[in-house]
Structures are given as C-alpha cells and as structure tokens.
Amino acid sequence: MPEAREISRKHIAVFAFPFATHAAPVLSLVRKLSESAPDVSFSFFNTAQSNGSLFSKDDDFERVKPRSVDTGLPEGYTFGGNPQEPVNYFLKATPANFKRAMADTGLPFDGIITDAFFWFAKEIAEEIRVPWVPYFTAGPRPLLVHVDMDDIRARIGINGPEDQTLDFLPGFSAIRAEDLPDGIISGSLDSPFAKMLHKMGQMLPHASAVAINSFEEIDPIVVQALKSRFSNFLNIGPFILRSPPIYDSDIHDCIGWLNQHPKSSVVYIGFGSVITPPPHELEALAEALEACEFPFLWSFRGNAEEMLPKEFRERTKDIGMIVPWTPQLKVLGHPSVGVFVTHCGWNSVSESIIGGVPMICRPFFAEQKLNQRTVEAVWGFGVDVEGGKFTKDGTIQALKMILSSEKGKLMREKIGVFRELALKAVGPDGTSTANFNFLVDFITRC
Ligand SMILES: O=c1ccn([C@@H]2O[C@H](COP(=O)(O)OP(=O)(O)O[C@H]3O[C@H](CO)[C@@H](O)[C@H](O)[C@H]3O)[C@@H](O)[C@H]2O)c(=O)[nH]1
C-alpha cells in the first residue's frame, strides 16, 4: 500500500552510488539539507547493504528515508575478488532499478539529487518534469576533465603522447596526459565505468545545478572554467566541516596515542576504503618506516600480521600503532601528525588540507593520479614516491624530506594557507556557505 504523502512536504529522490566513499558524502549532504529545509522529505535510494552501514536506528526516517534498490547481482552470486565486478552488475541494473524503486514508493517527486555518476537521472527528471541536481564527490579537476573529455580526446588522441601537457585546459599546464584517469584517452575506454563517466560529462551541463564537495578558493581558474559550463556550479565543501563524519569513533584510542608524540613528528598512513597496496610495496613501506624510526600510525586494511614483514609489529611496537580504522579527520587534525602517506582519494586530500598536513602520494586508480599531480605540481604541498611505487629508499627519501627538511616546512606553511581558505569557505560569510544556502533555497522552491 502506498505511503500517504504529507500535504505540504516536498519530496526529493536521492540516488546514491553504493561503492567506495560515495554514498556517505551524499547522505551527509542530504541530512544537512533536511536540517535546513524541514518541509522537504527525502527518499534515499541505495542498496540495502550500503544503507545498512549508513543509517542507524536513531535516524529521523520521517525526513530522510532509506529505500532499497536492486544490486543487479545474479542470484547466488559470490564475490570472486574483483571489486569492479559488483560495480559492473550494479551499473547494468541502472536506471531500471532506481525507476522501479521510485515507483514502488507510490509517491510523487519534486526533484532528484544524485551522485553525479548517474547521468540518466537527467532523463528521469525530464520525464517527471522536476529539477536534477547531481553531486560530484571528488574535486574540480577531474570534473573538468570529464566534462571536456571529447575535446581532450580530439586534441591528444587515444593513446596519444603520455608527456603531452593539457595546457589547452584552463589551469592545466602542469598536468600531463599520463595523469588523467583511466578511460579518458587510454586504458579501458569501453568499460561500463568509463562509458558512464563519458555520459556523465556530456549530461552534467544540462543539470539544473551541479554541486561539488570542494571550495571555490582551492582552484579558482578551474572553478571559473566549470562555472562557464554549468548554469549553477555550487562548491559547498569541504562538506565534512559542515557535517561530522559518520564513522569517527576512536575505539583504538589513536588520539591518546598521538597525544604522546611531539608536534609534527608522526607519519599517518591510510589508503581509504578500497585500496591495499600490493605485498612488495607494503614490505618496502614497512622497511622504510623501520629504518627511519619516525613514529607512525597506520590504518591498515587487511591482516597486518600476515601481510607485513615477519615480526615487523613486534620490532616497531614502541614507535608504531597499526589499527584497522582510525577517526581520520581527527587524526589529521592532531598537532603531532607531520605527514600523511595517502592514495589521494579526494576525501583524504580534503581532510589533509583541513588538518594542514603535507602528503606523500601513492595514487592507484580513478582520479587519484590527477589529485597527486595537482597536490605536487600545482598546490605544492606534497610529493609522489620516487618511481610512482613504494620502494624502501624512495619512501625514506620522501619521509625525511617532509618531516625534517626546510622544503617540508615550506609545504606545511603552504597547506596551512589552504586550510585557512577551507575554514573560511564554510564560515558564516564563506562562499561554500552561500552556495549551500542557495541549494537549500533551490530545493525548497522546486
Ligand atoms: O581508517 C580510516 C580510513 C579511511 N577513513 C575515511 O574514509 C574516507 C576515504 O575516502 P577517500 O580518501 O576519498 O578514499 P576512497 O574511499 O578510496 O574514495 C573513493 O571515492 C573518492 C571520492 O569520489 C575518490 O576520490 C577516490 O578516488 C575513490 O577511491 C575518508 O573520509 C577517510 O576519513 C577513515 O575515517 N578512517
């Protein structure tokens, strides 16, 4: 039986992408919108499993209601180890799964907010004559690259020269073809994921507004270029400053451990929610940490006993702490953290900026290489590891450079300037606050 709709309430459909760190930032946005627009209710369409990890029994389901969409997985599916496989099944199930779930509510909708990946929402929104607001959960540079993908392909060519710079794009003179995400001009051009990103780039300029988890001052030239491509480009981040992280409990007492160390002395290591570096790189990183003797806190995905060198934990127990999960925003905000060894996922880059901590970058996939290059060559507050992979010597060199050289000190000062800009952007008179208020007003009126 369809639910009764409260007469005065607007009702917005939200489509979440249930993999990596995507659904959580979209839910954070929706929760904040709901606080600011109490007359609007939201249906949060996502897989049951992802919703299960995001919602708690104390949530206000009246205003933000989790609703399940089909995963697209065949019956009896068992995960075979390839993380791309469930993603591909899910993409194949779209948009039918979202459309079916919307129809199952029996309710009308006044607008659609989606992860920016879901380009097909433009067609759904047109069919039911409501606005579509996509939310891009990464940074402005990959967004521009996706929107200008056809132009990039035309100018560089598929599998064109890797060292060619993208100086034809505003603000991109330090970016080379090799820094682009897989699927733009090389790699898996025909994968379901690459095709989705291509369509996304074509559809976003037709959205009613495009929101992004970033702030205007971080990259003014690129932001200006994006403003010229969209009707309303709304930088509303770093959103984590507006809305506290969902998983920030400190069950391993990382903060207590950090309290025991001097200012800017600790190496924090974390590779987000998807990546574990390959065994030989884990070994090289561990050997470098042991040789340098800097204190370290490691958020380790997987079994550290089995995956790290034999007796490494025992030998480093006085200088190192290895845990399966940390309250990362708080860790990076702790004064004793001096460097972040990261895969350059956008949330990690943003949190490092908020904490004022320079980075050692080892990107793996998606837009992480582009983030790394931007951090190093454009913003100047991080380095890559020599040769692009962890080796013992290359990692020692990068750690010493950031923790005990003048260059490292300069990087800390540089990232401190960005930190101030980020804090100002979400402050009472900040640009992100103004853009967020615009969005609240927009959904209230739609
Ligand atoms: O011990 C940990 C480890 C991670 N985190 C949090 O997990 C998130 C990780 O996000 P991110 O750094 O963006 O990495 P991924 O989970 O790998 O994110 C995916 O999604 C991002 C946003 O679209 C992309 O930028 C990345 O390339 C993609 O891999 C961050 O908020 C961290 O604070 C913790 O709180 N504690």
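Positions are given from 1, in the same order as the sequence printed here. Ligands are counted one by one from 1 in listed order, and the atoms in each one are counted from 1 as well.
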**Study point:** Under 3.5 Å: N/O of N371 near N/O of ligand 1
**Key:** no

Review point. Are N347 and Q328 linked by a side-chain donor-acceptor pair shorter than 3.5 Å?
Key: no

Practice item. Report yes if the distance between the aromatic ring centroids of F15 and F117 is under 6.0 Å, otherwise no. Key: no

Practice item. Give a yes or no on whether the ring-centroid distance for F296 and F294 is below 6.0 angstrom. Key: no

Practice item. Using side chain to side chain contact (heavy atoms under 4.5 Å, CB included) as the criterion, point out the one residue from P25, P142, S214 that pairs with W346. Key: S214

Considering only heavy atoms of [X], which atoms of ligand 1 have at least one such atom less than 4.0 Å away?
X    : answer
S299 : 1 (O), 2 (C), 3 (C)
H22  : 20 (O), 23 (O)
F365 : 29 (O)
S273 : 15 (P), 16 (O), 17 (O)
A20  : 19 (C)
S348 : 11 (P), 12 (O)
Q328 : 3 (C), 4 (C), 5 (N), 32 (C), 33 (O), 34 (C), 35 (O), 36 (N)
W346 : 13 (O), 24 (C), 25 (O)

Practice item. Would you tell me which option among L297, N347, V349 has the nearest heavy-atom contact to atom 13 (O) of ligand 1? Key: N347

Exercise for review: Determine, considering heavy atoms only, which of K369, K330, E367 sits nearest to atom 27 (O) of ligand 1.
Suggested key: E367

Can you establish whether the number of heavy atoms outside [X] located under 6.0 Å from its atom [atom1] is more than 12?
X    : atom1 : value
L410 : CG    : yes
E85  : CD    : yes
E178 : CD    : yes

Review point. Would a distance-only check, ignoring hydrogens and angles, find a side-chain to backbone donor-acceptor pair under 3.5 Å from N303 to E305?
Key: yes

